2 protein chains.
Amino acid sequence: MTTPPAAPAVEKRDSPAGGKLSRERVLACALEIIDREGIERMSMRRLARALGHDPMSLYRYAPNKAALLDGVAETVLSELMVDSDDPDWKAQLRSVARQFRGIALAHPHVVPLLVTRPLATPLALRPLGTLRPLEATLALLTRAGFSAPDALHVYRALFGLLHGHVLNELQELVDNPDETDDLLRLGLHRLPLGEFPLLRGLASTLLSYDGVAELERGLDILLAGLTTAPP
Amino acid sequence: MTTPPAAPAVEKRDSPAGGKLSRERVLACALEIIDREGIERMSMRRLARALGHDPMSLYRYAPNKAALLDGVAETVLSELMVDSDDPDWKAQLRSVARQFRGIALAHPHVVPLLVTRPLATPLALRPLGTLRPLEATLALLTRAGFSAPDALHVYRALFGLLHGHVLNELQELVDNPDETDDLLRLGLHRLPLGEFPLLRGLASTLLSYDGVAELERGLDILLAGLTTAPP
DNA sequence: TCCAGGATGTCTACGTCGTATGCCTACAGC
DNA sequence: GCTGTAGGCATACGACGTAGACATCCTGGA
């Protein structure tokens with residue numbers, strides 16, 4: 001109603017034109033926001049603003065916010081490449097582990113999504129992208145002689161280790177946002193001296209965390225355990 | 001506006017009287033809500049309503065919602081008892097692991113908090129309750145002959161394993177909310193047959209997940225690895 | 001006895017969030 | 001041309017976290 005005589009539709013068609021949307025574009029932009037600002041600053045409204053569109057348009061590409069976040073997790077996880085045909089299954093598992101660590105470090109803010117979103121969805125209803133690494137790992141292991149159930153156990157052990165390790169390592173990262181040498185010591189100093197003698201003494205060790213070495217040692221233990229005491 | 005002539009202020013002064021507040025009462029009630037309804041239904045307003053008070057009163061007991069949630073995590077984690085004087089350190093680590101699993105299963109909705117909240121806080125600034133198990137474990141291990149840095153590595157390996165395992169096991173629980181036998185098979189049936197042959201074949205295995213056994217096997221591997229290849 | 005000052009709880013208000021509903025526009029196939 | 005459909009937009013609702021200004025009560029010193 002009330003079509004005004006002049007002052008027509010300038011400035012209307014330019015700023016909102018973030019160009020055509022697509023699920024990929026939406027997910028990529030969401031990932032970018034999460035990487036840059038953290039997960040809780042990623043709101044539908046902010047995402048829409050970043051895309052130059054109305055918030056409501058996002059709902060053409062995901063039924064709700066949770067699903068959209070699942071999509072982001074799926075995108076990130078689908079970078080994981082499992083070669084089911086590798087004859088050296090141990091080496092392949094190590095490769096998967098290193099890739100997973102790399103992905104986690106590249107997108108630290110997504111890790112909570114990676115490890116906890118599955119808690120909200122029954123396995124069989126998860127996005128296919130997140131099930132593919134599972135199937136591929138099962139294939140790898142059955143080809144290496146494991147029974148299917150044993151392969152599942154190994155998969156669980158491996159990803160248990162991975163999730164745990166990555167959570168550990170990211171904690172260290174947060175502890176060391178910059179040259180936190182002094183900061184950390186300062187923080188530790190706050191601890192009651194009588195109650196935390198050991199922790200207070202570990203300042204320098206805490207500062208020199210080596211994620212690669214830590215993961216490799218975990219893998220050594222796991223793979224050794226798998227051969228000496230098969231599942 | 002429009003004060004009705006009769007029907008005055010009944011029902012106003014009785015329900016809000018939740019009695020005196022206290023940090024313990026607030027945290028306990030928050031935990032109850034989380035256990036019952038899940039973490040995202042736990043809002044400051046709902047918590048206040050459950051306590052029969054104004055939302056703002058909660059801010060006398062925690063500077064903000066994140067801190068309150070940290071408090072809940074701390075409460076839950078402080079149930080963990082580490083006996084630093086146990087001469088059998090392996091047995092003690094196993095006990096810690098079993099306790100942790102028990103706690104996680106008792107409060108599944110809190111687990112995301114337990115494993116991811118630390119990501120947001122530098123170690124030295126974490127609530128003391130969450131650092132106490134760490135210090136106690138370090139004490140246990142140094143008494144058993146480990147150097148302090150080695151003890152830290154063992155601690156990390158153990159809790160990495162625990163976090164990973166617990167996340168794994170809870171996924172299985174979600175998969176089996178009831179006698180999901182049919183439900184799971186149905187879900188798996190949805191998977192493209194060509195692409196997920198192994199996963200589809202594992203329905204029965206997925207249904208008979210044994211968390212205790214799975215954790216014990218993980219511990220076997222870890223402890224074996226620790227003695228054959230010390231850190 | 002009274003009064004000052006802290007601890008505790010409440011009310012109101014602001015800006016942000018997720019998303020239901022309904023409308024508009026542009027184009028596809030007939 | 002007409003109609004159906006997909007994509008996008010405007011408006012609106014209820015819930016959220018929390019800042020700031022009060023109110024109430026308890027305590028201990030004068």
Side-chain angles (χ1 to χ4, degrees), chain A residues 1-4 7-30 33-34 37-73 109 113 117 120, chain B residues 1-3 8-30 33-34 36-72 109 113 117 120:
Chain A
M1 303 86 188
T2 73
T3 31
V10 188
E11 160 258 5
K12 192 77 169 287
R13 270 283 71 83
D14 245 352
S15 64
K20 205 137 177 29
L21 285 181
S22 74
R23 185 169 161 89
E24 290 72 40
R25 225 159 79 71
V26 168
L27 292 183
C29 189
I33 293 181
I34 294 175
E37 316 203 33
I39 226 166
E40 54 214 22
R41 314 264 326 226
M42 148 62 197
S43 71
M44 300 299 265
R45 296 167 121 107
R46 217 184 294 271
L47 175 55
R49 218 176 304 137
L51 287 164
H53 280 259
D54 185 273
M56 279 304 121
S57 46
L58 300 176
Y59 290 87
R60 301 278 169 192
Y61 304 98
N64 53 49
K65 186 184 179 184
L68 197 149
L69 290 179
D70 282 344
V72 172
H109 287 128
L113 242 52
R117 287 288 2 185
Chain B
M1 300 86 187
T2 73
T3 30
V10 187
E11 157 258 5
K12 190 77 169 287
R13 267 284 70 84
D14 247 350
S15 62
K20 207 143 176 23
L21 286 180
S22 74
R23 187 169 159 88
E24 291 70 42
R25 222 158 83 70
V26 169
L27 292 182
C29 188
I33 292 180
I34 294 175
R36 193 165 5 95
E37 316 204 34
I39 225 165
E40 54 214 22
R41 314 266 323 227
M42 149 61 198
S43 71
M44 298 301 265
R45 296 169 122 106
R46 216 184 293 270
L47 174 56
R49 217 177 304 135
L51 286 163
H53 281 260
D54 185 273
M56 278 305 120
S57 48
L58 301 176
Y59 290 87
R60 303 281 169 189
Y61 303 98
N64 52 51
K65 186 183 179 183
L68 197 149
L69 290 180
D70 282 345
V72 172
H109 286 128
L113 241 52
R117 287 290 357 192

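Labels below follow one simple rule: chain letters A, B, ... track the order of the sequence lines, proteins then strands, and each chain is numbered from 1. What you see is a predicted model, and the numbers here were worked out from it, not measured in a lab.
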Interatomic distance where [atom1] belongs to [X] and [atom2] belongs to [N] [whole Å]:
X       : N      : atom1 : atom2 : result
A:His53 : D:dG8  : NE2   : C1'   : 8 Å
A:Glu40 : C:dG18 : CD    : C1'   : 16 Å
A:Leu69 : C:dG18 : CG    : C1'   : 12 Å
A:Asp54 : C:dC23 : CG    : C1'   : 12 Å
A:Lys20 : C:dT25 : NZ    : C1'   : 12 Å
B:Arg49 : C:dC11 : CZ    : P     : 14 Å
B:Arg23 : C:dT8  : CZ    : C1'   : 16 Å
A:Arg25 : D:dG7  : CZ    : P     : 14 Å

(message) Under the rule for side chain to side chain contact (heavy atoms under 4.5 Å, CB included), what residues qualify as partners of A:Arg60, not counting sequence neighbours?
(response) none
(request) Quick one: pull up CZ in B:Arg49 and CD1 in B:Ile33 and give me the separation to the nearest 0.5 Å. (result) 9.0 Å
(request) Nearest 0.5 Å please: distance from the CD1 atom of B:Ile39 over to the CG atom of B:Leu113. (result) 4.0 Å
Under 3.5 Å donor-acceptor pairs involving side-chain atoms of residues 62-70 of chain A, not counting sequence neighbours:
{"residue": "A:Asn64", "atom": "OD1", "partner": "A:Ala66", "partner atom": "N", "Å": "3.2"}
{"residue": "A:Asn64", "atom": "OD1", "partner": "A:Ala67", "partner atom": "N", "Å": "2.9"}
{"residue": "A:Lys65", "atom": "NZ", "partner": "A:Met42", "partner atom": "O", "Å": "3.1"}
{"residue": "A:Asp70", "atom": "OD1", "partner": "A:Arg117", "partner atom": "NE", "Å": "3.1"}

(request) Using salt bridge (charged side-chain N to carboxylate O under 4.0 Å, His left out) as the criterion, list what pairs up with B:Arg46, not counting sequence neighbours. (result) none
(message) Going by the rule salt bridge (charged side-chain N to carboxylate O under 4.0 Å, His left out), which residues pair with B:Arg36 if we only count those two or more places apart in sequence or in a different chain?
(response) B:Glu32
(request) Can you sort out which residues in residues 55-68 of chain B have a heavy atom within less than 4.0 Å of DNA chain C? Ascending by number, please. (result) B:Met56, B:Ser57, B:Arg60, B:Tyr61
(request) Determine, step by step, whether B:Met44 and B:Tyr59 satisfy the side-chain contact (heavy atoms from CB on, under 4.5 Å) criterion, reporting the C-alpha distance in whole Å, the side-chain angles of both residues, the deciding distance to 0.1 Å, and the verdict. (result) CA-CA 9 Å; B:Met44 298 301 265; B:Tyr59 290 87; 3.6 Å; yes
(request) Kindly state which residues belonging to residues 41-48 of chain A come within less than 4.0 angstrom of DNA chain D, counting heavy atoms of the residue only, listed by number. (result) A:Arg45
(request) Measure across A:Leu47 and A:Ala30 and return the closest heavy-atom pair with its distance rounded to 0.1 Å. (result) CD1-N, 3.6 Å
(request) Please name the pair of heavy atoms, one in B:Gly71 and one in B:Arg23, separated by the smallest distance, quoted to 0.1 Å. (result) CA-NH2, 3.8 Å
